[in-house]
There are 2 protein chains.
Amino acid sequence: MQSKMDHYAKRTLDFVERIGSLTDYDEICREIVEELEAFGFTSVTTMTLPGPGEEFADGMLLNTRPREYTDHYIEKNYVVRDPVVTELRHTVYPYSWSDVRERRDLSKEDSRIIDEGSEFDAREGLIIPIVTLSRSMSIFSPCGREPDLSQRARSAMEIIGIYSLQALKRSLIQRKRTDIVHTPLTVREREVLQWVAAGKSDDEIADILSIATCTVTSHVENAKMKLDAFKRTYAIVQAIRFGEISL
Amino acid sequence: MQSKMDHYAKRTLDFVERIGSLTDYDEICREIVEELEAFGFTSVTTMTLPGPGEEFADGMLLNTRPREYTDHYIEKNYVVRDPVVTELRHTVYPYSWSDVRERRDLSKEDSRIIDEGSEFDAREGLIIPIVTLSRSMSIFSPCGREPDLSQRARSAMEIIGIYSLQALKRSLIQRKRTDIVHTPLTVREREVLQWVAAGKSDDEIADILSIATCTVTSHVENAKMKLDAFKRTYAIVQAIRFGEISL
DNA sequence: ACGAAAATCCCAAGTTCTTAGGAGAGGGCT
DNA sequence: AGCCCTCTCCTAAGAACTTGGGATTTTCGT
């Protein structure tokens, strides 16, 4: 008898081979949804967590959750408090919604947020965290009424999730190439900004670098302009995003 | 008879399951190298292509190529002209070194660069491109003397490559995180901080969240205290470090 | 040697943050 | 019920940042 384990293994590799050659976004989505059904998942969300100044929907790569659920979720801004999402601050390894229920002492409100999913066929699900070197975090999250959450299924889902994200990004890469380009900072601007990020005031930085406070301010202002920021805080965020300063 | 196809499928899922639970960088590396040997690959390089102003070695996550080869490669700055690498400008799908030989009309110099690998047990290999939504591109590149380059092996390598990169990045992030402890922020504090990081003033944030400006200021101050910061800019940096807000 | 880009410095009014207090309402836990 | 935490709101002076100008000297590549 072929075990279920090997069945999943073969399915998964087949899946990868199948969508590996697809270049059309919609076709890839169809394949993903179909594959997930075999595991008992009825809907899926793939998104990058919104960073400062980004819309929730910006990072949404694929979302087949019921429309009303998504709208409701966005409207309530659940992404900042849904315990299933905030669990990402503790771990970068895959987990299920019920894992969160068990691990954390949830407040009534938090439990309610998870339970709300049941009304939309999203009773139980998985979160597959996907990290990048630039520290942005994406998740692949399939869910359903009674999905298979066995270890073998999880491993398969992890592959499917990571690979799906790859395939989707790949299909979009041409479209996204019109990326934000920024004017590169000068050495001095970077240096000053690094101190700003460290929480120093312009006076302190002037001291450190042995230059006038005016000069420091001026460097910061130039950097802000180049990074398209009106405030220092956002300039720092942008600088980190663009790799101009490191954490 | 069990086909080779299914053998690879099972191996691959086993591999994923095995390293999925590992958190130590070195252990993960060992598993990867061992798994690659089963396919005939004797060494592997995983790196992010250097952007402007970046050192070649900055994005090197894992490299088991012979030391002399790496040094030689870096010294000659081959990364900017090696046809195997520049092929990435044309495709985001996996390919082998011999694919490049066939596809392109290589100049003598370019051919020589590829051939040089033979002296170091790197005669033939694969490039698995891994894309991110920001412009950066990573590659997973195993090579050897006579590796298996069948379609099924390539699919398996794609999974192994993408997954290995995940596992390695994950282990690095988790390590950094557990280093530092901080008082967790409340939901509201996080929400406010996210807007601060987006470059909004307290007045604007008050408007957005429909609360008093005083309240916003107060949340920011509490967050600053918890994050051990005297300035907003540093508070933002800390919040990102601690994963309280995402990039 | 020339020009472009970077780095340095200056002013000054207006806005925003910082700091260090206090205080009430409501939820959750024991 | 009593306690702790969160969220809300408040004051007010002084420090820091923002904005939009301008000017001079260095540095660096061609």
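Here is the naming used below: chain letters follow the sequence lines, and residue numbers restart at 1 for every chain.
- Protein atom OH of B/Tyr234 is 21 Å distant from nucleotide atom C1' of D/dC17, rounded to whole Å.
- Around atom CZ of A/Arg67, no more than 12 heavy atoms belonging to other residues, nucleotides or ligands sit under 6.0 Å away.
- Taking only side-chain nitrogens and oxygens, A/Thr186 comes nearer than 4.0 Å to OP1 or OP2 of C/dA7.
- Across the protein-nucleic acid pair, A/Leu209 atom CG and C/dA6 atom C1' stand 15 Å apart, rounded to whole Å.
- Taking side-chain N and O atoms only, A/Arg188 has no distance below 4.0 Å to OP1 or OP2 of C/dA7.
- Atom-to-atom, CG of A/Leu193 to P of D/dC17 comes out at 12 Å; the value is rounded to the nearest Å.
- Taking every heavy atom of both residues into account, A/Val85 and A/Val79 meet most closely at CG1-O, 3.6 Å.
- For the pair B/Glu189 CD and D/dC5 P, the interatomic distance rounds to 13 Å; values are reported in whole Å.
- Among the protein residues, B/Val187 comes within range of the sugar-phosphate backbone only, with heavy atoms under 4.0 Å from sugar or phosphate atoms but none that close to a base.
- Rounded to an integer number of Å, the gap from B/Ile205 CD1 to D/dC7 P is 15 Å.
- To the nearest angstrom, P of D/dC5 lies 16 Å from CG of A/Asp105.
- Atoms CZ (A/Arg81) and P (D/dC7) sit 8 Å apart, rounded to a whole Å.
- At the phosphate of C/dT19, OP1 or OP2 sits under 4.0 Å from a side-chain N or O atom of B/Lys224.
- Across all strands shown, A/Asp202 has heavy atoms under 4.0 Å from sugar-phosphate atoms exclusively, and none from any base.
- Looking only at atom types and distance, the side chain of B/Asp202 has a donor-acceptor partner in the side chain of B/Thr217 under 3.5 Å away.
- In the set D/dC17, C/dT8, D/dC7, the nucleotide with an atom closest to the side chain of A/Arg232 is D/dC17.
- Counting only N and O atoms by type, the side chains of A/Thr42 and A/Glu37 include no donor and acceptor under 3.5 Å apart.
- A/Glu221 comes within contact range of at least one nucleobase, with a heavy-atom separation under 4.0 Å.
- Considering only the side chain of B/Cys214, D/dC9 comes nearest among D/dC9, D/dA16, D/dT18.
- In terms of position on DNA chain D, the residue among B/Ser210 and B/Lys231 whose nearest nucleotide sits closer to the 5' end is B/Ser210.
- When each of A/Thr233 and B/Ala212 is assigned the nucleotide of DNA chain D with its nearest heavy atom, B/Ala212 is the one assigned upstream, toward the 5' end.
- The residue A/Ser107 sits apart from the nucleic acid: no heavy atom pair falls under 4.0 Å.
- Phosphate proximity of D/dC9 to B/Thr215: present, with a side-chain N or O under 4.0 Å from OP1 or OP2.
- Salt bridge status for A/Arg123 with A/Glu146: present, with a side-chain N to carboxylate O gap under 4.0 Å.
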